[in-house]
Amino acid sequence: MTIVYEKSKGLTDVPFHYCPGCTHGVIHKLVAESLVELGVLDDAIGVAPVGCSVLAYKYFNCDMQEAAHGRAPAVATGIKRALPDKVVFTYQGDGDLASIGTAEVVHAAHRGEKITTIFVNNAIYGMTGGQMAPTTLVGQKTTTSPFGRDEAHCGKPIRISEMIATIDGAKFVERVTVDTPANIRKAKKAIKRAFECQLKGQGFALVEVLSSCPTNWGLTPLKALEWLRDNMIPYYPLGNFKDFGEGK
Amino acid sequence: MAKVLMKGNEAVGAAAIKAGCKLFFGYPITPSSEIPEYISRALPEAGGVFLQAESEIAAINMVYGAGGAGARVMTASSSPGISLKQEGITYCAGAEIPCVIVNMMRGGPGLGSIQPGQADYFQATRGGGNGDYRTLCYAPASIQELVDYVMLAFDKADYYRNPVLICADGMIGQIMEAVELKDPEPMELPPKDWATTGTGGKRKPVVVNSLYLQAEELQEHNKHLIEKYKLMEENEVVYEAFGLEDAEVVCVAFGTTSRIVKTAIKQAQAKGIKVGMIRPITLWPFPYDVFKEIGDKAKGILTVEMSAGQMIDDVKIGIAGRLPVYFNGTQGGMVPTPGSILADIEKIAGGAK
Amino acid sequence: MEEKVIMAGFGGQGIMAIGKLLAYAGMLEGKNVTWMPSYGPEMRGGTANCAVVVSEDEIGSPLISKDGTAAIVMNLPSMIKFEKELVPGGKLIINKSLIDVEPTRKDLDVYYIPANELALELGNGKVANMVMLGSYLELTKTVEIESVLKAFVKVFGEDKADLIPLNKEALLKGAQAAKK
């Protein structure tokens with residue numbers, strides 16, 4: 001009998017706690033597979049955020065640190081500066097990276113820290129129960145924007161990839177999603193390349209992964225992916241913004 | 001090694017490097033900016049890394065990362081900057097990350113002043129961040145002590161897996177005095193097998209973390225921390241005390257104010273008043289027990305601080321109601337004068353109300 | 001012996017430097033010393049002052065507050081500000097080149113030194129601070145001039161050793177002026 005599929009060695013046996021239809025599981029898998037395929041799992045040190053993926057340190061089968069909310073890029077900086085030969089990554093959500101931790105991620109990019117950041121954008125605060133995030137779309141209803149996000153009141157959603165791509169120290173920036181098998185393959189390619197960017201000593205690398213939150217969006221998993229395609233992708237266009245320093 | 005004349009802030013840097021500090025993350029603030037300035041030149045020469053962070057918050061979280069990766073690491077700032085670091089300090093305490101944090105205290109609250117202060121006592125001894133945690137806290141009174149305790153702080157941090165604070169004040173940071181950078185006495189330290197250094201395929205992954213979602217698990221962790229803090233209380237109290245047995249008045253002061261108190265005590269003794277002194281060198285754990293050595297002739301205790309009287313609570317715990325506690329304090333960056341302290345000593349010796 | 005001296009003037013007059021030299025020289029002679037600068041938001045062109053304590057005993061406060069034994073004042077604002085900080089009978093050493101009024105206090109031991117002119121006689125106006133230090137040392141004998149010269153490279157670095165002869169002359173010139 002041939003094995004046609006098995007769980008990545010980059011993940012532990014701990015079952016994910018994620019909600020049904022949440023795409024964190026897929027994204028974890030892609031990160032884990034990339035570390036294994038690049039042969040760097042044993043040299044990897046990950047930093048988990050605060051948010052839905054707060055327990056990421058239980059799932060990745062490598063050394064992990066748990067950071068305070070938004071501070072993962074600073075923690076990763078400390079690790080990488082102490083151990084420059086190790087492969088250091090952060091895994092962060094949109095509340096963590098795009099709101100409370102904007103200073104940390106912008107300056108990590110600005111310094112050209114040789115770390116890889118996986119930024120999961122689902123346009124909402126998931127763990128705390130569906131509040132408005134800086135990435136929440138205009139008109140999108142959340143528990144703290146019950147009448148829909150009002151642009152006049154709280155501005156438009158923040159586009160992190162576009163902003164980070166303007167920074168010289170950021171050498172790889174790409175926005176992907178995981179709504180279809182084809183897009184999952186593209187996402188994997190981007191994540192792997194973001195780690196290669198670090199391995200080649202290029203500088204800061206960020207992959208933004210558009211993700212769904214069926215629970216807090218109040219949709220079925222399938223409808224949530226449709227909503228992502230119809231609403232998020234038009235505002236957050238997929239594609240590469242920077243590849244090893246070359247802007248697109 | 002021969003003595004050299006060094007500014008307090010620069011001496012902090014020299015001592016840290018001598019103690020094997022390999023990384024420093026900081027952000028400039030008066031009156032402690034000469035610490036990052038000195039270290040930015042000297043640490044790379046010693047094979048270490050200096051990085052100016054974008055904020056105090058980032059700096060302490062870089063300390064968390066590097067300390068969690070097993071490196072000897074330090075940050076330094078002054079009062080408002082130390083307030084910003086509180087989040088990171090409680091995370092370091094929770095995740096048991098050894099690190100050294102230097103506070104050259106200045107007047108507060110808020111932006112306050114840039115002159116010396118001691119009003120971060122509550123923050124340092126009661127924990128400025130959230131949750132049940134303690135940090136060993138040294139309060140040096142001279143540049144030599146500053147150097148000695150910065151070096152010791154790294155060993156204690158590693159020994160207990162705990163953040164260690166150095167609480168000096170702007171004056172200690174700014175003055176120059178003669179110092180000798182002695183080789184620290186080697187201390188037996190536990191291996192850092194908990195640090196995230198990459199598994200190398202040779203061991204199971206480790207996690208550096210302060211999150212315990214199960215209440216039972218967190219309580220277990222708390223109990224472990226409480227045991228550790230108890231050990232510190234039993235073994236780490238440091239103080240200077242003299243003249244307690246036959247004192248009419250006992251002064252309590254730390255850091256810069258303790259020096260001024262000593263001048264006032266000499267003046268009081270010249271007038272025939274017997275004055276004893278307790279100088280806490282560790283603010284936490286506080287030297288409560290030494291108050292038992294105060295004899296029956298004492299009429300009162302005088303605490304002297306550059307704050308509104310933040311140490312008084314601890315002094316009252318120490319004296320346990322035996323004697324009245326009086327206070328001489330300055331705030332805002334003002335420094336007490338020997339004259340005003342002498343006047344209070346005379347009042348207490350004469351049977352103050 | 002406890003000598004508590006204030007040194008004050010404009011930023012750029014070398015005030016901090018002579019303070020450090022005195023402190024370092026005291027340390028080289030095995031005495032206890034402290035050097036305390038003023039510090040503040042004004043980085044350039046403002047007033048500069050430092051307090052130096054040299055003592056046989058452990059030093060209490062490094063600050064000088066109404067208990068100064070001497071003051072070296074290099075400009076008028078410094079004299080106005082710091083004559084108040086001296087004990088009765090304290091030595092007030094005034095840079096006569098830039099200060100043409102008398103102190104208000106009458107209970108001080110006052111000396112007038114034309115420091116800038118004396119420095120210019122040596123061909124370098126920059127050593128006016130060293131002239132003042134020389135006068136101070138002659139009047140107080142706090143440390144030996146030789147100790148100050150030994151401290152010179154410690155404070156300014158070996159590459160400034162060639163300036164020692166000029167600075168020595170300035171110290172001696174100041175000492176001579178104080179004898180008059």
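Below, read A as the first sequence line, B as the second, and so on, with proteins coming before strands; counting in each chain starts at 1.
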Identify each donor-acceptor pair in which a side-chain atom of residues 100-109 of chain A lies under 3.5 Å from a protein atom, sequence neighbours left out, and give them as a table.
unit_1: Thr102(A); atom_1: OG1; unit_2: Ser99(A); atom_2: O; d: 3.3
unit_1: Glu104(A); atom_1: OE2; unit_2: Arg71(A); atom_2: NH1; d: 3.3

Can you confirm whether Tyr57(A) sits close enough to Val208(B) that some side-chain heavy atom of one is under 4.5 Å from a side-chain heavy atom of the other?
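Heavy-atom side-chain distance check fails, nothing below 4.5 Å.
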Heavy-atom proximity to chain B below 4.5 Å, by part of Ala48(A):
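For Ala48(A), there is no contact with chain B at all, as no heavy atom is under 4.5 Å.
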What part of Ala68(A) gets closer than 4.5 Å to chain B, counting heavy atoms only: side chain, backbone, both or neither?
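For Ala68(A), the contact with chain B is made by backbone and side chain together.
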Of the listed residues ([options]), which shares the most heavy-atom pairs with chain A below a 4.5 Å separation?
options                       : result
Arg203(B), Met62(B), Lys22(B) : Met62(B)
Val63(B), Leu51(B), Val49(B)  : Leu51(B)
Ala66(B), Ala95(B), Gly88(B)  : Ala66(B)

Proximity breakdown for [X] and chain A, heavy-atom pairs closer than 4.5 Å:
X         : result
Leu213(B) : side chain
Ala195(B) : backbone
Leu211(B) : both

Using the rule given for side chain to side chain contact (heavy atoms under 4.5 Å, CB included), can you reason through Thr197(B) versus Leu83(A), listing the C-alpha separation, both sets of side-chain angles and the distance that settles it, and then say yes or no?
CA-CA 7 Å; Thr197(B) 53; Leu83(A) 302 169; 4.3 Å; yes
Out of Thr77(A), Leu55(A), Val75(A), Val87(A), which one racks up the most heavy-atom pairs below 4.5 Å with chain B?
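It is Val75(A).
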For the backbone of Val206(B) and the side chain of Asp63(A), can you confirm whether one donor and one acceptor N or O come within less than 3.5 Å of each other?
yes
